[in-house]
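Values in this document were obtained by computation on a predicted structure and should not be read as measured data. Every chain is numbered from 1 and lettered A, B, ... according to where its sequence line falls, protein lines coming before strand lines.
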Number of protein chains: 2
Amino acid sequence: MTPRGDNDAGLGLSPSARVILGMIALGNNTGYDIKRVVDHSTRLFWAASYGQIYPELRRLEDRGLVAGSSQPSGGRARTVYELTPMGEEALRGWLSAQDDPQFELRDEGMLKLFFSDSLPERRIENLALMRALHERKLVQLDEIARSAKEMHDGPRLTLQFGTALTQWMINWCRETETRLAKESATEE
Amino acid sequence: MTPRGDNDAGLGLSPSARVILGMIALGNNTGYDIKRVVDHSTRLFWAASYGQIYPELRRLEDRGLVAGSSQPSGGRARTVYELTPMGEEALRGWLSAQDDPQFELRDEGMLKLFFSDSLPERRIENLALMRALHERKLVQLDEIARSAKEMHDGPRLTLQFGTALTQWMINWCRETETRLAKESATEE
DNA sequence: CGAGGATATATCGCGCCGGAATATCTGTCA
DNA sequence: TGACAGATATTCCGGCGCGATATATCCTCG
């Protein structure tokens, strides 16, 4: 509808490729490591699965952005990846690109709220369910913040963001719940 | 990883099926209509494409949740869908389900922030880019709010949510920008 | 020593999803 | 009136996301 700048800066890095390059730069150099760290850090605003990570690592190696070396620990196969100079440049290219960053939200609770005129008596319960979800997430984020001291600046900032956003969501739900409760009370 | 409740309430409605049932209940009864309304309303927290809508409409018809009738306007093919009683029940079933609602965020700007230790001098510019994006979105939301008076309660609530969230994002970016600017100034 | 859980790697397949392609209708301005 | 832009309506395609699963090895504790 509206023409947008293509998210194609740097060297045409696919979304998953960006996470992988960044994660290797932070010292997570195996597919398994990357998956584990993503699950404990960026997962709130960027998820990734094995099905993306392993094929992407091989594609990146084909393009010369990472170099993998087989380092079996014991008898188990294990490939450790490092950034090549080209890979470092691609990462920096992406980080300094001027394109509109992709932003996408998928919130089923909001969708239910949108359609709630088909079943108004459930509105408040749905808001409470959303709030409960975010409250549980907040506990997890607090745990991460407590367990991991001495973080890098980037991860620390995004953790603060995640915490603040989650708190904001909880407040919005609670305020809307009480407002709707009042309205439906005065209507009777 | 963590066991979650399956999002499977009602009758195993797929995510796109839910939007479609809800949209038909609101009186948008052709594929084209649904796409257009989604693009102007739920798109902020739930997008949908033709590639989901048209096949899903046929699947829903096969399952007896919607009934389509061919109503060509002029010589152009056109199928108008209505909810069947079963479809209405499926919609209400989903709206009253107690499962954890799906929540997912994909924010490339945050991802860049997370990896920004690889290129710290771009941190503030990236925040400004994120802010600019949200500021443009806010203008669009305000236009929608102004042009569409007399909304249903559900859509009005989600529009308020979208506006408030976008404003919160803008503020977070701005505050973080100024905080980082101060920090880097005192470091010198 | 043996069981079970964590570590590590890899693959499969379905469905999501953006968008290009197609075709027809409507309005408008020369 | 005839050309053309733009709205309406649907189909189709390829790529990627992503959950689920298979396999094998390592570590640890009882």
Checklist entry - With sugar-phosphate meaning primed atoms plus P, OP1 and OP2, does B:T79 contact a base, only sugar-phosphate, or nothing at under 4.0 Å between heavy atoms? => result sugar-phosphate
Next on the checklist: Under 4.0 Å, heavy atoms only, any strand: does B:E104 hit a base, just the sugar-phosphate, or nothing?
Outcome noted: sugar-phosphate
Between [atom2] on [N] and [atom1] on [X], what's the gap in Å once rounded to a whole number?
| X | N | atom1 | atom2 | value |
| --- | --- | --- | --- | --- |
| B:L13 | C:dG15 | CG | P | 15 Å |
| A:F103 | C:dG18 | CZ | C1' | 19 Å |
| A:Q102 | C:dC17 | CD | P | 12 Å |
| B:R78 | D:dA7 | CZ | C1' | 12 Å |
| A:D33 | C:dA8 | CG | C1' | 10 Å |
| A:Y32 | D:dC26 | OH | P | 15 Å |
| A:K35 | D:dT21 | NZ | C1' | 13 Å |

Next on the checklist: C:dC16, OP1 or OP2 - any side-chain N/O from B:R106 closer than 4.0 Å?
Outcome noted: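 For C:dC16, OP1/OP2 do not have a side-chain N/O of B:R106 under 4.0 Å.
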Checklist entry - Would one find a side-chain N or O of A:S16 under 4.0 angstrom from OP1 or OP2 of D:dG17? => result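 For D:dG17, OP1 or OP2 has a side-chain N or O of A:S16 closer than 4.0 Å.
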Checklist entry - Does A:E108 reach the main-chain N or O of B:P101 with its side chain, forming a donor-acceptor pair under 3.5 Å? => result no
Next on the checklist: When you measure from the side chain of B:T84 to the backbone of B:G64, do you find a donor-acceptor pair of N or O atoms at a distance under 3.5 Å?
Outcome noted: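 At least one qualifying donor-acceptor pair exists.
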Should the pair [X]-[Y] be classified as a salt bridge under the 4.0 Å nitrogen-to-oxygen rule?
| X | Y | result |
| --- | --- | --- |
| B:R146 | B:D142 | no |
| B:E125 | B:R122 | yes |
| B:D33 | B:R36 | yes |

Item to check | Side chain of A:S49 - closest among D:dA9, D:dC18, D:dG17 | outcome: D:dC18
Next on the checklist: Does the plane of the ring in A:F161 sit parallel, tilted or perpendicular to the ring in A:F45? Use 30° and 60° as the thresholds.
Outcome noted: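 Plane angle over 60°, so perpendicular.
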Next on the checklist: For A:Y32 and A:Y50, take the angle between the two ring planes, folded into 0 to 90°, and tell me which bin it lands in: parallel under 30, tilted 30 to 60, perpendicular over 60.
Outcome noted: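 Parallel: the ring planes of A:Y32 and A:Y50 meet at under 30°.
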N/O-N/O pairs, protein side and nucleotides 11-14 of chain D side, under 3.5 Å:
residue, atom, partner, partner atom, Å
D:dT11, OP2, B:R58, NH2, 2.6

Checklist entry - side chain to side chain contact (heavy atoms under 4.5 Å, CB included) between A:K137 and B:F103: does it pass, once the steps are laid out? => result CA-CA 11 Å; A:K137 204 183 312 175; B:F103 181 88; 3.2 Å; yes
Next on the checklist: At a heavy-atom distance below 4.0 Å, what parts of residues 19-29 of chain A sit against DNA chain C?
Outcome noted: none
Next on the checklist: Restricting to salt bridge (Lys or Arg N to Asp or Glu O under 4.0 Å), what partner residues turn up for A:D153, sequence neighbours left out?
Outcome noted: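 For A:D153, the residues satisfying salt bridge (Lys or Arg N to Asp or Glu O under 4.0 Å) (neighbours in sequence not counted) are A:R156, B:R123.
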